[in-house]
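I have placed the structure first, in the form of structure tokens, so that the comments after it can refer back to it.
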Amino acid sequence: MAWGRGWMERFTVEILTVGNELLIGKICNTNAQWLAQRITRLGGKVTRIITVPDSLPDISQTVRECLSRKPDFLLTVGGLGPTFDDMTLQGVGEAVGRPLKVNSEALRMVEEKVREYSEKGVLKRPLVTPEREKMATLPEGSKPLFNPEGTAPGVELSVGETTIICLPGVPIEMKAIFSLHVEKLMAAKSKLKYAEGSLLVLGIPEPDFSPTIDETMRRYPGVYVKSHPKGGEATSTIELHLSAFAESLEEAERMVRDAASWLEAEAKRLGGRVEKPG
């Protein structure tokens with residue numbers, strides 16, 4: 001069931017995470033989860049989350065595929081560092097036909113970080129090695145995004161209708177660049193505000209409560225209700241996540257609140273009980 005007109009008015013985002021460590025299960029993809037949550041709260045719609053290995057053909061091919069769908073934003077995460085397998089920018093450059101060049105502004109950012117880390121004793125000598133210069137080598141026409149938590153700048157690049165944002169994979173760096181730079185870009189695209197809420201329904205199996213969920217979304221067409229069974233059907237415990245988009249935060253919160261009140265009353269009528277998730 002759709003979320004009403006608000007769903008169609010949201011800006012669109014695809015997330016491309018890069019790294020063998022994600023595909024072998026060594027690292028949980030918390031970056032994608034964090035980004036999806038933040039983008040949704042900004043009024044955006046994440047339409048795909050894709051993970052590819054540290055492979056130049058895979059990166060460039062997937063970037064081309066993402067751009068063919070013309071999302072408002074394409075976020076890449078990971079592969080901006082100094083090592084041989086950090087090849088995201090090369091893959092983006094190949095995909096969009098932009099050669100890589102040392103970006104003077106990005107190089108200045110790298111040099112300043114090297115001096116800062118040298119003064120703090122993190123580096124013995126303030127040298128911009130070829131490996132560090134690699135982090136300032138961007139697709140032609142890119143804008144570097146200052147990284148307050150690390151050396152590698154983020155990257156912003158416009159291609160047709162899509163803004164490509166390349167973020168480092170280190171979570172603290174990714175979050176800092178997103179919060180400092182990307183949120184403003186997305187907020188300028190957003191016309192809607194987001195609100196959410198949760199209820200825990202106990203004593204009613206999900207199949208028995210499913211008609212009530214459907215009826216809720218018919219009564220409150222701007223609210224989306226997603227059910228998450230906890231512990232299997234035999235436990236008869238369901239977490240309900242309610243979300244809504246509206247032109248004001250107050251309106252979105254009211255929509256969620258009204259739908260939650262109706263759900264709670266119906267759950268009690270059916271012999272269940274309702275709690276707030278812990």
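Here T83 contributes atom OG1 and M135 contributes atom CE; the two are 9.5 Å apart, rounded to the nearest 0.5 Å. Rounded to the nearest 0.5 angstrom, S248 OG and E253 CD are separated by 8.5 Å. A distance of 13.0 Å separates OG in S142 from CD in E105, rounded to the nearest 0.5 Å. Within the model, atoms CG of L202 and CD of E239 stand 11.0 Å from one another, a figure rounded to the nearest 0.5 Å. How far SG of C28 is from CD of E21: 12.0 Å, rounded to the nearest 0.5 Å. In this structure, L67 CG and E161 CD are separated by 11.0 Å, a value rounded to the nearest 0.5 Å.
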- May I have the step-by-step check of side-chain contact (heavy atoms from CB on, under 4.5 Å) for M186 and V13, ending in yes or no? CA-CA 10 Å; M186 292 186 172; V13 183; 4.0 Å; yes

- Stepwise, does the side-chain contact (heavy atoms from CB on, under 4.5 Å) test hold for K113 with M109? CA-CA 6 Å; K113 281 293 181 177; M109 293 178 184; 5.9 Å; no

- Message: Could you walk me through whether V155 and N103 satisfy the side-chain contact (heavy atoms from CB on, under 4.5 Å) test, starting with their C-alpha distance in whole Å, then the side-chain angles of each, then the deciding distance to 0.1 Å, before giving a yes or no?
- Response: CA-CA 11 Å; V155 177; N103 181 287; over 6 Å; no

- Task: Would you check, one step at a time, whether the test side chain to side chain donor-acceptor pair (under 3.5 Å) holds for D258 with S261?
- Result: CA-CA 5 Å; D258 290 350; S261 295; 5.6 Å; no

- Task: Any chance you could lay out the side-chain contact (heavy atoms from CB on, under 4.5 Å) test for T163 and E156, step after step, and finish with the verdict?
- Result: CA-CA 7 Å; T163 298; E156 177 186 341; 4.0 Å; yes

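You'll find the side chain of R132 reaches within 4.5 Å of the side chain of L123, heavy atoms only. At a threshold of 4.5 Å between non-hydrogen side-chain atoms, the residues L199 and K276 count as touching. Between T40 and R10, some side-chain heavy-atom pair lies under the 4.5 Å cut-off.
Criterion: ILVMFWY side-chain heavy atoms under 4.5 Å apart, direct or through other members. Under it, L185 and V46 are part of a common hydrophobic cluster. Hydrophobic cluster membership differs between V63 and L80, with clusters built from Ile, Leu, Val, Met, Phe, Trp and Tyr side chains linked at under 4.5 angstrom. The hydrophobic cluster containing V96 also contains I59, counting ILVMFWY residues as joined when their side-chain heavy atoms lie under 4.5 angstrom apart, directly or transitively. By the rule that hydrophobic residues join a cluster once side-chain heavy atoms approach within less than 4.5 Å of another member, M217 and L240 end up as members of one cluster. Cluster annotation: L249 is not connected to M255 through the hydrophobic network of ILVMFWY side chains, with a link wherever side-chain heavy atoms come within less than 4.5 Å.
Partners of W262 according to the ring-ring contact (aromatic ring centres under 6.0 Å, His included) rule, which considers only residues two or more places apart in sequence or in another chain, do not exist here. Among residues two or more places apart in sequence or in another chain, the side chain to side chain contact (heavy atoms under 4.5 Å, CB included) test is passed with L180 by F146, P148. Contacts of E112 classified as side chain to side chain contact (heavy atoms under 4.5 Å, CB included), with partners at least two apart in sequence or in another chain: R108, R115. Taking the salt bridge (charged side-chain N to carboxylate O under 4.0 Å, His left out) definition, one finds that R257 meets it with nothing, sequence neighbours left out. Shown here are the ring-ring contact (aromatic ring centres under 6.0 Å, His included) partners of F11, two or more places apart in sequence or in another chain: F73.
In this structure, P153 and N147 approach most closely via the heavy-atom pair CA-CB, 4.2 Å. Closest heavy-atom contact between E247 and E251: N-OE1, 3.8 Å. Taking every heavy atom of both residues into account, G197 and V256 meet most closely at N-CG1, 3.9 Å. When all heavy atoms of V110 and A136 are compared, the closest pair comes out as CG2-CB, 4.1 Å. The shortest heavy-atom contact between F245 and G43 is CE2-CA, 3.8 Å. Between F84 and M87 the shortest heavy-atom distance is O-CE, 3.6 Å.
Ion pairing between E250 and R254 fails under the 4.0 Å rule for side-chain N and carboxylate O.
A distance-only check finds no donor-acceptor pair linking the side chain of T216 to the backbone of A259 [under 3.5 Å]. Using a distance-only test at 3.5 Å, with no hydrogens or angles considered, no donor-acceptor pair links the side chain of N20 to the main chain of P53. Put simply, the side chain of T17 gets close to the backbone of I50: a donor and an acceptor are under 3.5 Å apart. A distance-only check finds a donor-acceptor pair linking the side chain of R98 to the backbone of E140 [under 3.5 Å]. A donor-acceptor pair under 3.5 Å is absent between the side-chain atoms of K70 and the main chain of T162, judged by distance alone. In this structure, T12 contributes its side chain and D72 its backbone to a donor-acceptor pair below 3.5 Å.
Tested against I165 for a side-chain contact (heavy atoms from CB on, under 4.5 Å), the candidates L74, T76, V77, L145 yield a single pass: L145. Under the side-chain contact (heavy atoms from CB on, under 4.5 Å) test applied with R64, the options C66, S68, S60 reduce to a single match, S60. Applying the side-chain contact (heavy atoms from CB on, under 4.5 Å) test between V18 and each of D54, D86, D58 identifies D54 as the sole match.
By the neighbour-count criterion of 12 heavy atoms within 6.0 Å, atom CG of L56 is densely surrounded, having more than that number from other residues, nucleotides or ligands. Applying the 6.0 Å contact sphere to NZ of K193 captures no more than 12 heavy atoms from other residues, nucleotides or ligands.
Using modelled atom types, one finds a donor on one side chain and an acceptor on the other under 3.5 Å when comparing S227 with E206.
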Got a list of side-chain donor-acceptor pairs under 3.5 Å for residues 30-38, not counting sequence neighbours?
unit_1	atom_1	unit_2	atom_2	d
N31	ND2	G169	O	2.8
R38	NE	E183	OE2	3.1
R38	NH2	E183	OE2	2.2

